[in-house]
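Here the structure comes first, spelled out in structure tokens, and everything after it is commentary.
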There are 2 protein chains.
Amino acid sequence: MEQQTSEELKYVSMLHRKTQIFLNERTKALGVSGAEVPFIFIACRMGQLPQYQFCTMLDISKGTVAKVLAGLEQEGYITRSINAEDGRSMDVFPTQKALDLYPKLQEIGCRCMDKMTEPMTEQEREQFFLLLKKSALSISRFVDALQE
Amino acid sequence: MEQQTSEELKYVSMLHRKTQIFLNERTKALGVSGAEVPFIFIACRMGQLPQYQFCTMLDISKGTVAKVLAGLEQEGYITRSINAEDGRSMDVFPTQKALDLYPKLQEIGCRCMDKMTEPMTEQEREQFFLLLKKSALSISRFVDALQE
DNA sequence: ACAAAATAGTTTCCAAAGAAACTATTTTTA
DNA sequence: TAAAAATAGTTTCTTTGGAAACTATTTTGT
């Protein structure tokens with residue numbers, strides 16, 4: 001019975017899908033999608049940053065970043081302007097609408113993590129966050145290295 | 001600086017996306033997509049099972065299950081037949097083509113998990129799998145309970 | 001026994017995200 | 001300094017997966 005099953009991959013997918021459903025359900029009423037939330041977080045926390053920074057901070061492709069930010073600009077959560085020193089680069093700024101929403105979205109994010117870690121002890125929770133980050137960075141570095 | 005950031009959600013998404021890229025790159029050469037892999041695993045392990053069991057075992061919607069299994073049938077990895085006792089239910093069987101592929105896909109799955117857990121000690125690895133499962137089941141139960 | 005409810009699958013529509021090809025700027029280098 | 005390479009963004013196409021509406025079969029409750 002000790003075959004290698006890699007059953008854990010199922011839980012990686014499950015955790016992600018259910019988390020997205022949780023976030024979507026709660027943020028929909030506020031007018032944003034779950035996918036937009038991390039972008040609003042970064043815009044609000046940074047105040048001003050070039051668009052390509054979203055790619056590195058979230059480890060998301062520039063195509064996806066372009067699409068999400070175009071949507072957020074359309075909906076009035078951010079503004080963008082061409083950088084003065086580099087004509088290729090777009091600077092991104094949060095609007096007041098985004099800044100007003102920010103604490104509510106943070107609250108939703110925390111509630112999501114609470115539900116994820118509900119059956120854990122405080123120590124397990126700390127350990128889980130550590131290992132989650134470790135695993136994500138490890139597989140990410142490996143995959144990114146292949147594509148060069 | 002001790003604000004609640006729910007930054008861990010970023011790593012949940014990252015782990016999932018990079019894992020999918022890893023699997024897709026390796027299974028593409030074998031003729032299947034990363035999304036099909038868990039379905040082939042279950043079909044091969046079970047030998048015969050009703051279609052709705054894929055929904056419960058993978059915690060994936062019946063619409064998605066119907067589409068993936070239709071694709072796998074098309075590509076010759078499974079066969080399906082209406083259950084003798086219940087005319088609504090479809091029984092799913094793996095083909096020899098799937099059974100031949102199975103060990104290779106298992107190997108790829110294991111390599112993926114190896115990369116994920118590469119910087120971990122053996123003890124951390126065990127702990128990670130435990131907590132990953134715990135978190136996925138916890139958020140899943142909560143989300144599913146809401147939708148009733 | 002038959003109408004209502006539940007169950008199994010399918011299909012359509014939509015959101016999230018990567019890949020690749022493209023444009024437009026900068027930076028390097030020969 | 002002009003051509004080549006690198007960088008920043010956009011657009012198009014594709015894959016993955018859920019939601020909801022739909023069909024077709026049981027199962028239940030009266």
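The chains referred to below are lettered A, B, ... by the order of the sequence lines, with proteins before strands, and numbering in each begins at 1. In this text, all values refer to a predicted model and were calculated from it rather than measured experimentally.
- Side-chain contact check for Phe93(B) versus Ile78(B): every heavy-atom pair is 4.5 Å or farther apart.
- Remark: C1' of dT23(D) and CD1 of Ile82(B) are 13 Å apart, rounded to the nearest angstrom.
- Counting any heavy atom pair closer than 4.0 Å across all strands shown, Gly87(A) reaches sugar-phosphate atoms only and no base atom.
- A side-chain donor from one of Arg17(A) and Ser13(A) sits under 3.5 Å from a side-chain acceptor of the other.
- Of the residues near DNA chain D, Ile21(A) and Lys62(A), the one whose nearest nucleotide (by heavy atom distance) lies more toward the 5' end is Lys62(A).
- Atom CG of Asn24(A) is separated from atom C1' of dA19(D) by 12 Å (rounded to the nearest Å).
- Listed nucleotides: dT16(D), dT26(D), dT26(C). Nearest to the side chain of Asp86(B): dT26(D).
- Two residues are said to be in side-chain contact when any heavy atoms from C-beta on lie closer than 4.5 Å; Lys134(A) and Glu124(B) meet this criterion.
- Contact annotation: the side chain of Phe41(B) never approaches that of Glu7(A) to less than 4.5 Å [non-hydrogen atoms, C-beta and beyond].
- Look at OH on Tyr52(A): it is 18 Å from P on dT25(C), rounded to the nearest Å.
- The side chain of Arg80(A) places no N or O atom within less than 4.0 Å of a non-bridging phosphate oxygen (OP1 or OP2) of dA8(D).
- Within 4.0 Å of Ile60(B), counting heavy atoms only, lie sugar-phosphate atoms of the nucleic acid but no base atom.
- Listed nucleotides dA8(D), dT7(C), dT16(D) differ in distance to Arg88(B); the shortest reach to its side chain belongs to dT7(C).
- Note: CG (Asp59(B)) to P (dG18(D)) measures 8 Å, nearest angstrom.
- No hydrogens or angles were tested; on distance alone, a donor-acceptor pair under 3.5 Å links the side chain of Thr64(A) to the base of dG18(C).
- Distance CG (Leu49(A)) to P (dG9(D)): 10 Å, rounded to an integer number of Å.
- Atom CG of Asp91(B) is separated from atom C1' of dA8(C) by 12 Å (rounded to the nearest Å).
- Closest to the side chain of Ser89(B), out of dG9(C), dG9(D), dT25(D), is dG9(C).
- In the interface, the side chain of Lys67(B) is paired with the base of dG18(D) through a donor and an acceptor atom under 3.5 Å apart.
- Using a 4.0 Å cut-off, no side-chain N or O of Arg17(A) falls inside it from OP1 or OP2 of dA19(D).
- Geometrically, Arg26(B) engages Phe22(B) in a cation-pi contact, judged by NZ or CZ lying under 6.0 Å from the ring centre and within 45° of the ring axis.
- For the pair Gly34(B) and Glu25(A), nearest-nucleotide mapping onto DNA chain D gives the more 5' position to Gly34(B).
- Gln51(A) has a side-chain polar atom (N or O) that falls below the 4.0 Å cut-off from OP1 or OP2 of dT10(D).
- Rounded to an integer number of Å, the gap from Leu72(A) CG to dT10(D) P is 13 Å.
- If you measure from atom CE of Met14(A) to atom C1' of dT16(D), you get 17 Å, rounded to the nearest angstrom.
- Each of dA17(C), dT10(D), dG9(C) was ranked by its minimum atom distance to the side chain of Ala35(A); first place goes to dA17(C).
- A side-chain donor from one of Ser140(A) and Asp59(A) sits under 3.5 Å from a side-chain acceptor of the other.
- Both Val68(A) and Ala66(B) lie close to DNA chain C; mapped to their nearest nucleotides by heavy-atom distance, the more 5′-ward contact belongs to Ala66(B).
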